[in-house]
Amino acid sequence: MQPFDLVIRGGTIATATDTMKADLGIRGSTIAAIGEGLDKGAKEIDARGKLVLPGGVDSHSHIEQLSASGLMNADTFQSATTAAAFGGTTTVVSFAAQHVGMSLKTVVDEYHQFAERGAVVDYAFHMILADPREEVLEKEVPPLVKAGHASLKVFMTYDRLKVDDEQLLNVLQSARDNHAMVCVHAENHGMISWMGKRLVKHGYTAPKFHAISHPRVCEPEAFTRLIACAALVDQPIMIFHVSTREGAEVIRQARGEGLKIFAETCPQYLFMTKHDLDKPGLEGGKWMFSPPARDAHDQEALWQALALGDLQVISSDHAPYAFDKSGKLMGGKKATFKQIPNGMPGLEARLPVVFDEMVSNGRFDVTKFVEWTSTNPAKIYGLYPKKGTLAIGSDADIAIWDPKKSVTFSDKTVKDRAGYTPWKGRTVKGWPTTVLLRGEVLVSDEKLRAKPGSGQFLARKAGKAAEPLGRATVEFNPKQNFGAKLR
């Protein structure tokens, strides 16, 4: 038998379903064997006392992305994916962001160029549709989905990005026709706009008032409306960054009715509250993201929703803006919260802060950690079993964790280009000390071992998650709609 190129020896291997003490053998770029006492490899890594986990899959990250206002975020694909690698993430799904008037194909081609020159981990794209006009949905979306971009994203808020209900239905139908997943930022735009203007008019302009400008009710209202639209079309959806107890309850009810609703949350909603924005001057702008951080009772509700299966994924929503005139302070020293870009860095910190709470502090076991941060996003977005698990034939994307290593977050050690970490001063126990991508060492001894552009594009189909239920609503059932054939 052909010898192993690499054997990871004596670690505790964990997947989304099992843990076992075993060796892992790699040939080429894939896992070739898992078992006790494997033959010697050409190279070996001693993993005794360590956890051997699948590389993380971060399915929500904004990288080298132009905002609707024309502001480029702080990261390049090189800096963002370097941060991901040091945090144990080996696959990212970022966004190719169309703005009004743009060709979606041109946008996707440009993002490929950005990624090809810089990415050090593997990557795929969601396609943001801010202008889902007829020619885009009919002429551009079908070939792009066939080329491996099997997910569309829309916003229900933001002045320059939002789609109305009719446009949302058009996107849902296009996704159904082309076998793609639809991901949605769902908040009630009118409520946010009204509250924001009212706060500013009365002089409440500090960053902390950003949290008040997004009323809690705007989340469950938008979720309810979105789910109704998806049910009408019979199109599965992913709801991004759930932040409130009420939002999670809407999802729980819909899933209880058998609808194919998937949903995620992020570390900032599990560990931060609106009080983190209450800092002197504009300092609180570092903790401004949308939807905003909520309250402590929401954190517990989100953990419960994960445990119940209402939420399936913990992503980062990495959206870095430097705390200077190029980013957060673009509006000057007297900027209102409405003039401060939303978003915070998260690719590097996502896995360590979640591991610390789930595994080190015993909230859940390591299999759940793997499920919510790697396996589930890989399954939902058509990357499994190539990514998201440790199995024979899967890519050898592996993060070897030292469960005893403690790290304190510091602005001086960040790998992305935001220049700060919102987790400054937080100490976590457990850290990925060696990371492999497709069998090659990506990070070891606190050094990056890969060259820019070594990451590969992952063309993908949407998979089972995006398959319609096949339930025809009254309006689409010829037996109940007077014989109209609408499919």
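Sequence positions, counted from 1, serve as the residue numbers for this chain.
- Of the possible polar contacts, none joining the Glu246 side chain to the Pro220 backbone as a donor-acceptor pair under 3.5 Å is found.
- A tilted orientation is assigned to the rings of Trp303 and Trp372, their planes being inclined by 30° to 60°.
- Closest approach of Leu277 and Ala211 over heavy atoms only: CD2-N, 4.3 Å.
- There is no side-chain donor-acceptor pair under 3.5 Å between His275 and Asp295.
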Checking Phe125 against Phe457 for the side-chain contact (heavy atoms from CB on, under 4.5 Å) test, could you report, in this order, the C-alpha distance in whole Å, the side-chain angles of both residues, the deciding distance, and whether it holds? CA-CA 9 Å; Phe125 296 126; Phe457 170 64; 4.2 Å; yes

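- Of all heavy-atom pairs spanning Val435 and Gly88, the tightest one is CG2-CA, 4.1 Å.
- Scanning all heavy atoms of the two residues, the minimum distance from Met238 to Ile380 falls at CE-CD1, 3.9 Å.
- For Phe289 and His241, the ring centers sit 6.0 Å or farther from each other.
- Rounding to the nearest 0.5 angstrom, the gap separating the OG atom in Ser315 from the CG atom in Asn376 is 12.5 Å.
- The local environment of OH in Tyr158 is crowded, with over 12 non-hydrogen atoms from other residues, nucleotides or ligands closer than 6.0 Å.
- Atom NZ of Lys260 sits in a crowded spot, with more than 12 heavy atoms from other residues, nucleotides or ligands closer than 6.0 Å.
- Across every non-hydrogen atom of Phe86 and Leu448, the tightest pair is CZ-N, 3.6 Å.
- Between the side chain of Glu348 and the backbone N or O of Thr89, no donor-acceptor pair lies under 3.5 Å.
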Given side-chain contact (heavy atoms from CB on, under 4.5 Å), test Gln173 with Gln235 step by step and report yes or no. CA-CA 7 Å; Gln173 186 61 54; Gln235 168 59 37; over 6 Å; no

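- For the pair Gln167 (side chain) and Asp164 (backbone), a donor-acceptor distance under 3.5 Å is present.
- At distances below 3.5 Å, not a single donor-acceptor pair connects side-chain atoms of Trp431 with backbone N or O atoms of Pro352.
- Note that the CZ atom of Phe223 and the CG atom of Leu226 stand 8.0 Å from one another [nearest 0.5 Å].
- One finds the OH atom of Tyr384 at 7.0 Å from the OG atom of Ser394 (value rounded to the nearest 0.5 Å).
- With hydrogens and angles ignored, the 3.5 Å screen pairs a side-chain donor or acceptor of Thr375 with a backbone N or O of Gly388.
- A donor-acceptor pair shorter than 3.5 Å can be found between the side chains of Ser243 and Arg294.
- One distance of note links NE2 of His126 with CZ of Phe95; it measures 4.5 Å at 0.5 Å rounding.
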Show the numbers, then the answer: is there a side-chain contact (heavy atoms from CB on, under 4.5 Å) between Val242 and Tyr269? CA-CA 8 Å; Val242 179; Tyr269 305 113; over 6 Å; no

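- When side chains are defined from C-beta on, Asn170 does not count as touching Pro132, because their heavy atoms never get closer than 4.5 Å.
- Atom CG of Leu169 sits about 12.5 Å away from atom OG of Ser174, to the nearest 0.5 Å.
- Contact check for Thr473 versus Asp234: no side-chain heavy atoms found under the 4.5 Å cut-off.
- Under the 3.5 Å distance criterion, the side-chain polar atoms of Arg350 are left unmatched by any main-chain donor or acceptor of Cys266.
- For the residue pair Gln65/Ser94, the side-chain donor-acceptor check at 3.5 Å is not satisfied.
- Between His112 and Phe77, the ring centre distance reaches or exceeds 6.0 Å.
- When atom types are taken as modelled, the side chain of Asp58 and the backbone of Ser316 share a donor-acceptor pair closer than 3.5 angstrom.
- Residues Gln299 and Thr273 form a side-chain contact, since some pair of their non-hydrogen atoms from C-beta on lies under 4.5 Å apart.
- In this structure, Lys286 is positioned above the aromatic face of Tyr420, its NZ or CZ under 6.0 Å from the six-membered ring centre and within 45° of the axis.
- What you find for Asn73 and His62 is that their closest heavy atoms are ND2-O, 3.2 Å.
- Using a 4.5 Å heavy-atom cutoff, the side chains of Pro432 and Val443 are not in contact.
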For residues 337-347, please give each side-chain donor-acceptor pair under 3.5 Å, one per line with the distance, not counting sequence neighbours.
| from | atom 1 | to | atom 2 | distance (Å) |
| --- | --- | --- | --- | --- |
| Gln339 | OE1 | Thr336 | N | 2.8 |
| Asn342 | OD1 | Ser290 | OG | 2.2 |
| Asn342 | ND2 | Ile340 | O | 3.3 |

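- Counting heavy atoms of neighbouring residues, nucleotides and ligands inside a 6.0 Å radius, atom CD of Glu166 does not exceed 12 of them.
- Side chain to side chain, His318 and Asp416 fail the donor-acceptor criterion of an N or O pair below 3.5 Å.
- Listed for the Arg460 side chain is a donor-acceptor partner under 3.5 Å among the backbone atoms of Tyr381.
- Aromatic ring centroids of Phe240 and His185 lie 6.0 Å or more apart.
- Within the 4.5 Å cutoff, the side chain of Met272 has heavy atoms near those of the Trp423 side chain.
- A donor and an acceptor atom, one from each side chain of Ser79 and Thr82, are nowhere located under 3.5 Å apart.
- Nearest heavy-atom pair across Phe262 and Gln312 is CA-OE1, 3.2 Å.
- The pair Arg252-Glu249 does not count as a salt bridge, with every side-chain nitrogen at least 4.0 angstrom from each carboxylate oxygen.
- With Ser193 as reference, His189 is the one residue of Met195, Met191, His189 to meet the side chain to side chain contact (heavy atoms under 4.5 Å, CB included) rule.
- In this structure, Lys328 forms no cation-pi arrangement with Phe323, as its terminal cationic atom is not both closer than 6.0 Å to the ring centre and no more than 45° off the ring axis.
- More than 12 heavy atoms of other shown residues, nucleotides or ligands fall within 6.0 angstrom of atom CZ in Arg487.
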What do the steps show when you test Lys368 against Glu371 for salt bridge (Lys or Arg N to Asp or Glu O under 4.0 Å), and what is the final call? CA-CA 5 Å; Lys368 285 297 183 183; Glu371 180 182 355; 3.1 Å; yes

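- For the residue pair Glu187 / Thr157, no side-chain donor-acceptor distance below 3.5 Å is found, with atom types taken as modelled.
- Residues Glu475 and Asn481 form no side-chain contact, since every pair of their non-hydrogen atoms from C-beta on lies 4.5 Å or further apart.
- Between Arg363 and Glu300, at least one side-chain N (NZ, or NE/NH1/NH2) sits under 4.0 Å from a carboxylate O, which counts as a salt bridge.
- Summarising the local packing, NZ of Lys105 is surrounded by 12 or fewer heavy atoms from other residues, nucleotides or ligands at distances under 6.0 Å.
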Going through the distances and angles, do Asp122 and Gln456 end up as a side-chain contact (heavy atoms from CB on, under 4.5 Å)? CA-CA 5 Å; Asp122 290 351; Gln456 294 181 359; 3.6 Å; yes

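- Under the 3.5 Å distance criterion, the side-chain polar atoms of His60 are left unmatched by any main-chain donor or acceptor of Thr265.
- Here the side chains of Val184 and Ile239 are not in contact, with every heavy-atom distance at 4.5 Å or above.
- Within the 4.5 Å cutoff, the side chain of Tyr123 has no heavy atoms near those of the Ile63 side chain.
- Lys208 NZ to Lys274 NZ: the interatomic distance, rounded to the nearest 0.5 Å, is 11.5 Å.
- The pair Glu257-Arg471 does not meet the salt-bridge criterion, since no charged nitrogen lies less than 4.0 angstrom from a carboxylate oxygen.
- Side-chain atoms of Asp397 do not come within 3.5 Å of backbone N or O of Thr90 as any donor-acceptor pair.
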